[in-house]
Amino acid sequence: MSAVQTVGRLFLSFLELVGEVTLFTLVSISHCVRRPFYFRLIGRQMMEIGYYSLPVIALTTLFAGMVLALQSYTGFQRNAVGAEGVIAEIVVLSITRELGPVLAGLMVAARVGSSIAAEIGTMRVTEQIDALVTLSTNPFKYLVAPRIIAGVTTLPILILIGDIIGVLGGYIVAVYKLGFNPTLYLKSSWDNLFLEDVVTGLVKAAVFGFVVTLMGCYQGYTSRGGAQGVGAATINSVVSASILILILNYLISAMFFGT
Amino acid sequence: MTTPKISLRNVTKSFGRKVVLDGVDLDVMPGESVVIIGGSGSGKSVTLKCILGLLTPDSGEIEIDGESVVGISDSDREHINAKIGMLFQSAALFDSLTVWENAAFGLIAGKGMSRTAARPIALEKLALVGLDEKIAMMTPADLSVGMRKRVGLARAVATDPEIIFFDEPTTGIDPIMGDIINELIVDCTRETHASGLTITHDMASARKISDKIAMLYKGKIVWAGPTEEIDTADSPIVQQFINGQAEGPIELDISAA
């Protein structure tokens with residue numbers, strides 16, 4: 001086979017994949033906005049995605065805030081710049097705009113995306129999805145829509161909590177390790193935080209929630225070939241969701257703050 | 001003339017260059033129990049999946065109650081599937097649900113019945129397949145293969161379907177449990193007055209549960225007739241298969257076995 005044929009074949013495979021993912025996305029969205037809604041399943045997924053992810057998100061953002069305060073202080077000291085006034089600003093903006101949503105998105109991709117892909121993938125290879133069809137139940141409605149709805153709605157709440165914990169992490173290091181004035185630190189944090197900073201983070205969170213759950217569902221739903229296929233689906237869900245999170249993070253930041 | 005519950009006309013299906021179904025014709029009449037027999041890779045499962053809408057045939061016509069079901073919309077398929085029940089080879093129970101929720105699934109998710117109303121019906125169907133109320137709160141992981149098949153059967157008949165499909169109902173279980181499952185299939189189909197379509201390569205099972213047997217070989221029905229006539233069938237392929245002989249006209253497809 002010539003190099004041109006190989007490139008052509010790869011390009012066609014890529015287009016086929018893009019088409020398949022697009023179709024899957026459109027069908028999924030259509031089922032998210034159409035009756036019937038399985039509220040019991042949506043509630044269960046909200047617990048699974050939101051509540052059970054809270055400890056890992058809290059730890060991630062807490063230490064992100066702490067290390068951010070510490071490193072910023074070290075950097076400013078090295079350049080003999082007065083750090084106290086800007087550390088709070090750096091922490092609060094970095095956490096709410098970027099680190100909170102991205103780190104939480106990546107952690108949820110690893111914890112929830114992989115779990116969704118493994119669960120739906122196992123259902124696929126053990127004929128449970130076929131069983132759903134024979135029981136007059138649309139798998140998109142029953143499996144995909146509740147997970148996407150739960151992801152889009154709970155991730156912003158999760159990230160809002162993560163933002164608060166991240167800022168708290170910066171506060172702990174600034175006040176108890178670096179000896180900053182606590183009142184001034186909090187005032188500086190509050191004064192430098194604008195509504196659009198929080199809104200940007202929440203928009204990102206909703207988009208990342210959609211991407212993580214969609215990729216988990218897609219990879220699981222299309223998995224083939226027994227245990228090995230389910231394993232591959234799990235890996236692919238985390239990798240694809242993580243890459244998409246990083247790309248979309250830049251695009252949303254550019255949309256809100258690009259001049 | 002009575003309309004068949006299921007009718008297949010010249011159904012073909014290929015995967016790449018491999019032709020799996022090569023013009024299948026078959027009728028299942030109301031109240032009739034038909035068993036499709038055939039070796040591994042002969043196309044039995046693909047036939048079943050085409051009827052259920054899990055696969056789309058390349059050509060040909062499939063009708064359920066006189067309605068064409070090839071290429072219909074998802075909502076029309078849900079409407080058609082409301083008439084059917086299916087026992088999967090591995091039972092395909094939902095891991096995350098309890099036994100009674102599995103049995104009641106078609107009533108709750110498919111027909112929109114409340115959980116409170118569906119539970120007694122599920123328990124009644126579980127009793128029909130010999131499972132008591134203590135089992136109802138267990139999960140599928142707690143059950144043996146035979147018990148899972150029973151739960152799968154209870155789920156298949158819970159909605160009182162007009163047609164029930166059985167995919168290798170006795171595969172993977174011992175002969176005694178196999179016979180019990182066969183008895184349950186006969187009882188359940190009689191109880192619900194349903195038509196049955198079973199695929200199997202277990203001749204004991206086929207003889208017990210069928211009114212009519214069809215033999216699928218190389219993607220075609222090579223013989224079909226009443227169960228009592230299969231032993232005198234003039235097809236060497238059928239004779240080799242039902243007698244389990246290594247020598248004969250059947251070519252073993254090692255790649256599909």
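Residue numbers begin at 1 in each chain, while the letters A, B, ... track the order of the sequences. For the numbers below, each heavy atom of this structure counts, side chains included, while hydrogens, waters and symmetry mates do not.
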Subject >> Working for side-chain contact (heavy atoms from CB on, under 4.5 Å), residues A:T137 and B:F105 >> reply: CA-CA 9 Å; A:T137 305; B:F105 192 90; 3.5 Å; yes
Is chain A contacted by the side chain of [X], its backbone, both, or neither, given a heavy-atom distance below 4.5 Å?
X      : answer
B:L93  : backbone
B:I84  : both
B:N102 : neither
B:K111 : neither

Counting only heavy atoms not in [X], do more than 12 sit closer than 6.0 Å to its [atom1] atom?
X      : atom1 : result
A:Q228 : CD    : no
B:F15  : CZ    : yes
A:F63  : CZ    : no

Original post:
Which distance, rounded to the nearest 0.5 Å, do you find between the CD1 of B:I80 and the OG1 of A:T134?
Top reply: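 Atom-to-atom, B:I80:CD1 and A:T134:OG1 are 14.0 Å apart.
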**OP:** Working to the nearest 0.5 Å, report the span between CZ of B:R115 and CZ of A:R40.
**Re:**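 If we round to the nearest 0.5 Å, B:R115:CZ and A:R40:CZ are 3.5 Å apart.
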**OP:** Please report the C-alpha distance between B:L52 and A:V133 in whole Å, then the side-chain angles of each, then the deciding distance to 0.1 Å, and finally whether the side-chain contact (heavy atoms from CB on, under 4.5 Å) criterion is met.
**Re:** CA-CA 8 Å; B:L52 291 166; A:V133 175; over 6 Å; no
**OP:** Find the one option among B:T159, B:D74, B:D95 whose heavy-atom pairs under 4.5 Å with chain A are most numerous.
**Re:**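 The option with the most such pairs is B:D95.
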**OP:** Between chain B and each of A:D130, A:T126, A:L132, count heavy-atom pairs under 4.5 Å; write down the option with the most.
**Re:**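 The option with the most such pairs is A:D130.
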**OP:** Given side-chain contact (heavy atoms from CB on, under 4.5 Å), test B:F94 with A:M123 step by step and report yes or no.
**Re:** CA-CA 8 Å; B:F94 304 120; A:M123 289 185 75; 4.0 Å; yes
**OP:** Ignoring hydrogens and angles, tell me if any N or O in the side chain of A:S136 forms a donor-acceptor pair with the backbone of B:E78 under 3.5 Å.
**Re:**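 The answer is yes, because a donor-acceptor pair under 3.5 Å joins these two groups.
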Subject >> side-chain contact (heavy atoms from CB on, under 4.5 Å) between B:N81 and A:L135, intermediate numbers included >> reply: CA-CA 7 Å; B:N81 283 357; A:L135 289 160; over 6 Å; no
**OP:** Could you tell me which non-hydrogen atom of B:A92 sits nearest to which non-hydrogen atom of A:A131, and how far apart they are?
**Re:**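 Here B:A92 and A:A131 meet closest at O-CB, 3.9 Å.
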